[in-house]
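What follows is a single structure, written as structure tokens, with notes after it.
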Amino acid sequence: QLQLVESGGGLVQPGGSLRLSCTGSGLTLENHAIGWFRQPPGKKREGEAVSCIPGSGASPNYADSVKGRFTISRDNAQNTVYLQMNNLKPEDTAVYYCARAVSSICPLGPLGRAEYVHWGQGTQVTVSS
């Protein structure tokens, strides 16, 4: 079965850290841009990725809300993309999804979401004291 599997979510206090993983099962992540999206409680999934890493691994993108706090990276040998989340805030609470883009370039803007073809099932991140 071709799928993406997220892991690493959990409950953390404000200011804490988590590292999310996105692993391809039957899907190769190499040469594909991988994005992380989130869906806050009671809201729709956000239209733009909080972060995206291109197939080259160079110059990843970050939403303004997470710049300086989140770091995306990839390990092609492990077929895994990571999202290191530091200094977490209550507003970061959401289900986090990873998605594989059709190409190696990170899609831009809300319309770019259509270029993400494969999605994982999500992992819950809760930031609360």
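The chain is numbered in sequence order, starting from 1.
- With values rounded to the nearest 0.5 angstrom, E6 atom CD is found 11.5 Å from T80 atom OG1.
- Remark: L83 CG to T123 OG1 distance equals 11.0 Å, nearest 0.5 Å.
- A heavy-atom distance below 4.5 Å is not found between the side chains of Y116 and I34.
- Here the side chain of T28 pairs no donor or acceptor atom with the backbone of E30 at under 3.5 angstrom.
- Rounded to the nearest 0.5 angstrom, L29 CG and R100 CZ are separated by 7.0 Å.
- The two residues C52 and A33 make their nearest non-hydrogen contact at SG-CB, 4.0 Å.
- Counting heavy atoms from C-beta on, the side chains of L11 and S128 come closer than 4.5 Å.
- Shown here is L27, whose CG atom has more than 12 heavy atoms of other residues, nucleotides or ligands within 6.0 Å.
- Between M85 and V127 the shortest side-chain heavy-atom distance does not fall below 4.5 Å.
- Following chains of ILVMFWY side-chain contacts shorter than 4.5 Å, one cannot reach L111 starting from W119, and the two form parts of different hydrophobic clusters.
- Between Q124 and T93 there is a side-chain heavy-atom pair separated by less than 4.5 Å.
- Ring-centre distance between W36 and F70: not below the 6.0 Å cut-off.
- A 4.5 Å side-chain heavy-atom check between P90 and P14 finds at least one atom pair inside the cut-off.
- Residues V66 and V95 do not share a hydrophobic cluster, clusters being chains of Ile/Leu/Val/Met/Phe/Trp/Tyr side chains in contact below 4.5 Å.
- Two different hydrophobic clusters hold I53 and Y97 under the rule that ILVMFWY side chains link at heavy-atom gaps under 4.5 Å.
- Here L20 contributes atom CG and S51 contributes atom OG; the two are 11.0 Å apart, rounded to the nearest 0.5 Å.
- For the atom pair CD (E46) and CD (Q39), the distance works out to 9.0 Å, reported to the nearest 0.5 Å.
- V125 and L4 end up in the same hydrophobic cluster when Ile, Leu, Val, Met, Phe, Trp and Tyr side chains are linked at under 4.5 Å.
- Residues I72 and Y62 share a closest heavy-atom pair of N-OH, 2.9 Å.
- A 4.5 Å side-chain heavy-atom check between T71 and N86 finds every atom pair outside the cut-off.
- Judged by distance alone, the side chains of S104 and N31 never bring a donor and an acceptor atom under 3.5 Å apart.
- Contact check for H118 versus H32: no side-chain heavy atoms found under the 4.5 Å cut-off.
- Atom CG of residue D92 and atom OG of residue S65 lie 7.0 Å apart, to the nearest 0.5 angstrom.
- Without hydrogens or angle criteria, N87 side chain to R69 main chain gives no donor-acceptor distance under 3.5 Å.
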Derivation of the salt bridge (charged side-chain N to carboxylate O under 4.0 Å, His left out) call for D64 and K67: CA-CA 5 Å; D64 289 343; K67 276 181 183 176; 3.2 Å; yes
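- In this structure, G57 and R74 approach most closely via the heavy-atom pair CA-CD, 4.1 Å.
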